[in-house]
There are 2 protein chains.
Amino acid sequence: MKTEKISELTTNRLSIYLRCLNELSAEGAKTISSGRLAKRFHLNSAQIRKDLACFGEFGVRGVGYYIADLKEQITKILGLDHKHRVAIIGAGRLGMALTDYYGFTQTNFEVAALFDADEEKIGSKVGKVKVFDLKNFERVIRKEDIDVAVIAVPAQFAQSVLETVAKSGIKAVMNFAPTPLRFADDIKVKTIDLTISLESLSYFLAKPQND
Amino acid sequence: MKTEKISELTTNRLSIYLRCLNELSAEGAKTISSGRLAKRFHLNSAQIRKDLACFGEFGVRGVGYYIADLKEQITKILGLDHKHRVAIIGAGRLGMALTDYYGFTQTNFEVAALFDADEEKIGSKVGKVKVFDLKNFERVIRKEDIDVAVIAVPAQFAQSVLETVAKSGIKAVMNFAPTPLRFADDIKVKTIDLTISLESLSYFLAKPQND
DNA sequence: ACCTGTGAAATCGTTCACAGCA
DNA sequence: TGCTGTGAACGATTTCACAGGT
C-alpha cells in the first residue's frame, strides 16, 4: 500500500474498474485476476494492480480479486456508498438535460435543485426538480443538503457563479463553461470543455496525414 | 519545428491559446510574448513556445508573436478555417441540448441533422434541425455533407451506433455514452464520460484529508 | 501453477536555462 | 535588452519483470 499522493488518473481508472466489475458481477463471476480483467477490457494488468495497491491489499495471490469485495472497496474509496445531492446552476437546455441525465442517478447522485437568474424560469419545474432564484443559493443548498454544484451557464457568468458556489461552502463543482476559472485550492472544480473536445476532433480531420 | 508525433495535450492547449488570443485581439493588442501570455492566463511560457514550435516558427525574437497572424495559423492548424457539419445521434434531452449548444456555432461547427430510432421523434424538429430515422444515416449524412458525429444515446446502444457511424465513412466522433468503445484506428473517438467526472468529484469529497 | 504487489526501467510530459537573433 | 526556439533536466506515468505468497 502506497501512502503517496494519488493521481487523478488513478481515481478515474477506479471508476472504470468499478464498471467492469459490475459487468462481471452481473454475469455471475466470483473472482477475477488482473490479467483476465486487463485482457477482457483492454487495460494493462500491472496498472490495475498498482492502482488498487494504492488503497490496500485487496487481492489474493494465486487467485485474484474477489469481485463482490473489490466492488465494495472501490465504492467506498470513491465515496459512492452514500448519496450526493446536486445543484445545477443554469436552467437552459444543458442544465435541463443534465437534470434528468441517467448517469447521475446511476451512481448515487441526485439532482435536488436547479438555479437560474431568469424570472421567467424561477418557480417552474423540470420533472420533479424546482428552479430556484440564484440569489437564494446558499439558503436553498443548506436546506436541501446539497454537496455538489454543476455550472451550466454561459461562459461570461461562470466565474461569478463559481464565487457564489464557493461562498456557500460547496467543495465539489463540475463546470461546463468553456473558460478558465480561478478558485481556492480547498475546492475541486472539474471542467468539461466541449469546445476543446470539438476542436481536437477538428484537428484530427485537418492534420496532413491521418496516421 | 518538430516533426514528431504531436500529443493531444498539445492540441488541446492550442484551443486554449486561440481563446486567449481572441481575448487579446478584442482588446486591440497587436503582439504578445510567451511570457506575458503565460502570466496573464496562468500558463507556462516555455510550454507555449514548445507547443507552437511543433508547427512552425511563428514568433519574432525580441518581439513575440503577432496576434492576428498567430490566430490565423492556429485556426488553420486546428482546421477551424472551414465549417464542420455535425450529426447528433439520439434526440433525447442531451442530444437536443447539444443541438443548440452555443459552443458549436461559436467554433465553426453546425448541427445539420439529428437521428433517432424512435418513430415518435422522427420527422420532428429541434429549432431548425430535423430528426431523421437512424436507418437512413448514411444517405442523410452524404446528402448533408456531414463530417462529425455525436453519440448521445444510452450506453447499451453506443457500440452499435458507432458501427453505423464508422460504416458511413465519418472519421470524427464525440461520444457521451459512459462505456468503452471498440473502433478502427483510422477514426477518432473522443469520449466525454460524465460518470467518471462525477465519481472523481465524489472521491475528492470522500478522501480522508482534503489536502 | 497462478497471481499479487512492487522495485526498476522505459516512456511521456513539463519546466529550466541559455544560445542566438532582432 | 527582450524574446524565441530548443537541448537538457526534471517529474509524472506506464510498463516490465520478478520475488514471494497461496
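Within every chain, numbering begins at 1; the chains are lettered A, B, ... in the order of the sequence lines, protein sequences first and strands thereafter. Quick note: numbers below take in every heavy atom, side chains included, and nothing from hydrogens, waters or symmetry partners.
- Judged by distance alone, the side chain of A:Thr191 and the main-chain N or O of A:Asp193 form no donor-acceptor pair under 3.5 Å.
- Atom NZ of B:Lys5 and atom C1' of C:dC12 are 10 Å apart (whole Å).
- Of the residues in residues 59-71 of chain A, those with a non-hydrogen atom less than 4.0 angstrom from any atom of DNA chain C are A:Gly59, A:Val60, A:Arg61, A:Gly62, A:Val63, A:Gly64, A:Tyr65.
- You'll find the side chain of A:Pro180 stays beyond 4.5 Å of the side chain of B:His42, heavy atoms only.
- Rounded to a whole Å, the CD1 atom of B:Ile6 is 15 Å from the P atom of C:dC12.
- A:Leu52 comes within 4.0 angstrom of no nucleic acid atom, judged by non-hydrogen atoms across all strands.
- Place B:Ser33 and A:Glu8 on DNA chain D by their nearest nucleotides, and B:Ser33 ends up nearer the 5' end.
- At C:dT15, none of the side-chain N or O atoms of B:Arg49 fall inside 4.0 Å of OP1 or OP2 (strictly under the cut-off).
- An OP1 or OP2 oxygen of D:dT15 is reached within less than 4.0 angstrom by a side-chain nitrogen or oxygen of A:Asn44.
- Backbone-only engagement by A:Ser34 is indicated by non-hydrogen atom pairs under 4.0 Å involving sugar-phosphate atoms exclusively.
- Using a 4.0 Å heavy-atom cutoff across all strands shown, B:Ser45 reaches no nucleic acid atom at all.
- Between B:Glu138 and B:Arg142 a salt bridge is recorded (basic side-chain N to carboxylate O distance below 4.0 Å).
- Between A:Leu194 and B:Met174 the shortest side-chain heavy-atom distance falls below 4.5 Å.
- Evaluation of atom-type donor-acceptor distances gives no pair under 3.5 Å for the side chain of A:Lys50 against the base of D:dT14.
- Using cut-offs of 30° and 60° for the angle between ring planes, the B:Tyr203 and A:Phe55 rings count as perpendicular.
- Separating the CG atom of B:Leu43 from the P atom of C:dG13 is a distance of 18 Å, rounded to the nearest angstrom.
- Interatomic distance, CG of B:Leu80 versus CG of B:Leu14, reported as 9.5 Å (0.5 Å rounding).
- Regarding B:Ile48, its CD1 atom lies at a distance of 13 Å from the P atom of C:dT14, rounded to whole Å.
- Looking at residues 16-32 of chain B, you'll see that no heavy atom sits under 4.0 Å from any atom of DNA chain D.
- Here A:Leu162 contributes atom CG and A:Ile187 contributes atom CD1; the two are 5.0 Å apart, rounded to the nearest 0.5 Å.
- Put simply, CG on B:Asn12 is 16 Å from C1' on C:dC12, counting in whole angstrom units.
- In the set C:dT4, C:dT6, C:dT15, the nucleotide with an atom closest to the side chain of A:Glu57 is C:dT6.
- With rounding to whole Å, A:Leu9 atom CG is found 15 Å from D:dT15 atom C1'.
- Between B:Lys190 and B:Glu8 there is a salt bridge, with a side-chain nitrogen of the basic residue lying less than 4.0 Å from a carboxylate oxygen of the acidic one.
- Of the residues listed (B:Leu94, B:Ile88, B:Val86), the one engaging B:Thr99 in a side-chain contact (heavy atoms from CB on, under 4.5 Å) is B:Ile88, and it is the only one.
- Applying the 4.0 Å criterion to OP1 and OP2 of D:dT14, one finds that A:Arg13 has a side-chain N or O inside that range.
- The distance between atom CG of B:Asp51 and atom C1' of C:dT15, rounded to the nearest whole Å, is 12 Å.
- Listed candidates were D:dT13, D:dT14, C:dC3. Nearest to the side chain of A:Gln47 is D:dT14.
- Rounding to the nearest 0.5 Å places NZ of A:Lys135 at 11.5 Å from OG1 of A:Thr164.
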